Amino acid sequence: MQVNGKEVDFKISRLEDASKFELALQHMQKTEKGIQESAKKGELFSKIAKMTIDMFTDFFSEMGMKEVLDGCKDLEEAKGAYLEFLKE
């Protein structure tokens with residue numbers, strides 16, 4: 001499968017991949033709560049954007065797909081890669 005122009009080896013039907021996916025989603029949910037709290041406190045958009053990019057980057061790293069967002073500094077690119085992954 002291709003995500004963000006990178007070829008990745010992932011199958012949700014493969015038990016190891018499914019386990020990685022579930023764990024990565026759990027970590028994402030915890031991180032997202034922290035991002036929401038920061039937004040409520042009025043943090044700068046640039047900080048919220050960096051935290052969100054880091055969340056998506058961590059998701060792909062935990063999945064063994066670090067190359068998908070390696071060096072990414074664009075929120076729309078990070079979000080797009082995540083949505084593209086889910087779509088596949």
Side-chain angles (χ1 to χ4, degrees):
M1 105 191 310
Q2 285 229 343
V3 179
N4 201 28
K6 310 290 189 309
E7 186 66 33
V8 295
D9 181 25
F10 175 83
K11 289 183 181 178
I12 194 67
S13 60
R14 204 173 358 198
L15 292 178
E16 183 180 350
D17 289 351
S19 293
K20 286 180 185 179
F21 180 67
E22 291 166 343
L23 186 60
L25 281 179
Q26 288 174 358
H27 290 153
M28 242 181 124
Q29 289 171 340
K30 289 178 187 175
T31 302
E32 191 172 27
K33 287 179 185 177
I35 292 170
Q36 290 171 350
E37 287 299 315
S38 292
K40 286 179 187 175
K41 292 178 184 175
E43 292 287 348
L44 295 174
F45 175 77
S46 58
K47 181 175 180 179
I48 300 298
K50 179 170 181 350
M51 292 170 70
T52 306
I53 292 167
D54 290 347
M55 176 183 71
F56 289 126
T57 301
D58 291 346
F59 171 83
F60 284 110
S61 291
E62 288 182 47
M63 297 283 294
M65 304 175 196
K66 182 180 180 190
E67 67 278 6
V68 170
L69 290 178
D70 197 28
C72 179
K73 300 207 183 295
D74 183 284
L75 177 58
E76 288 300 316
E77 178 185 349
K79 181 180 176 183
Y82 177 71
L83 293 175
E84 182 181 355
F85 172 79
L86 293 179
K87 191 175 176 182
E88 290 293 324

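Since this is a predicted model, take the numbers as computed values, not measurements.
Qualifying side chain to side chain contact (heavy atoms under 4.5 Å, CB included) partners for E32, counting only residues two or more places apart in sequence or in other chains: Q36, M55. For E22, the salt bridge (charged side-chain N to carboxylate O under 4.0 Å, His left out) test picks out no residue, with sequence neighbours left out. In terms of the salt bridge (charged side-chain N to carboxylate O under 4.0 Å, His left out) criterion, K30 has no residue partners (sequence neighbours excluded). Considering only residues two or more places apart in sequence or on other chains, F59 meets the ring-ring contact (aromatic ring centres under 6.0 Å, His included) condition with Y82, F85.
Interatomic distance, CE of M1 versus CD1 of I12, reported as 9.0 Å (0.5 Å rounding).
The side-chain hydrogen bond (donor to acceptor under 3.5 Å, both in side chains) contacts involving residues 50-65 comprise H27-E62, K50-D54, where partners must be two or more places apart or lie in separate chains. Residue pairs meeting the side-chain hydrogen bond (donor to acceptor under 3.5 Å, both in side chains) criterion with at least one member in residues 37-46, sequence neighbours excluded, do not occur. Residue pairs that meet the salt bridge (charged side-chain N to carboxylate O under 4.0 Å, His left out) test with at least one member in residues 2-21, sequence neighbours left out, are D9-R14, R14-D17, E16-K20.
Cluster annotation: L25 is not connected to I53 through the hydrophobic network of ILVMFWY side chains, with a link wherever side-chain heavy atoms come within less than 4.5 Å. Residues M63 and L86 share a hydrophobic cluster, clusters being chains of Ile/Leu/Val/Met/Phe/Trp/Tyr side chains in contact below 4.5 Å. Under a hydrophobic-cluster definition in which Ile, Leu, Val, Met, Phe, Trp and Tyr are linked whenever side-chain heavy atoms come within less than 4.5 Å, directly or via other members, L23 and F60 are assigned to different clusters.
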Pair up each side-chain donor or acceptor in residues 65-81 with any protein partner under 3.5 Å, not counting sequence neighbours, and list the distances.
unit_1, atom_1, unit_2, atom_2, d
D74, OD1, E76, N, 2.9
D74, OD1, E77, N, 2.7
E77, OE2, N4, ND2, 3.1

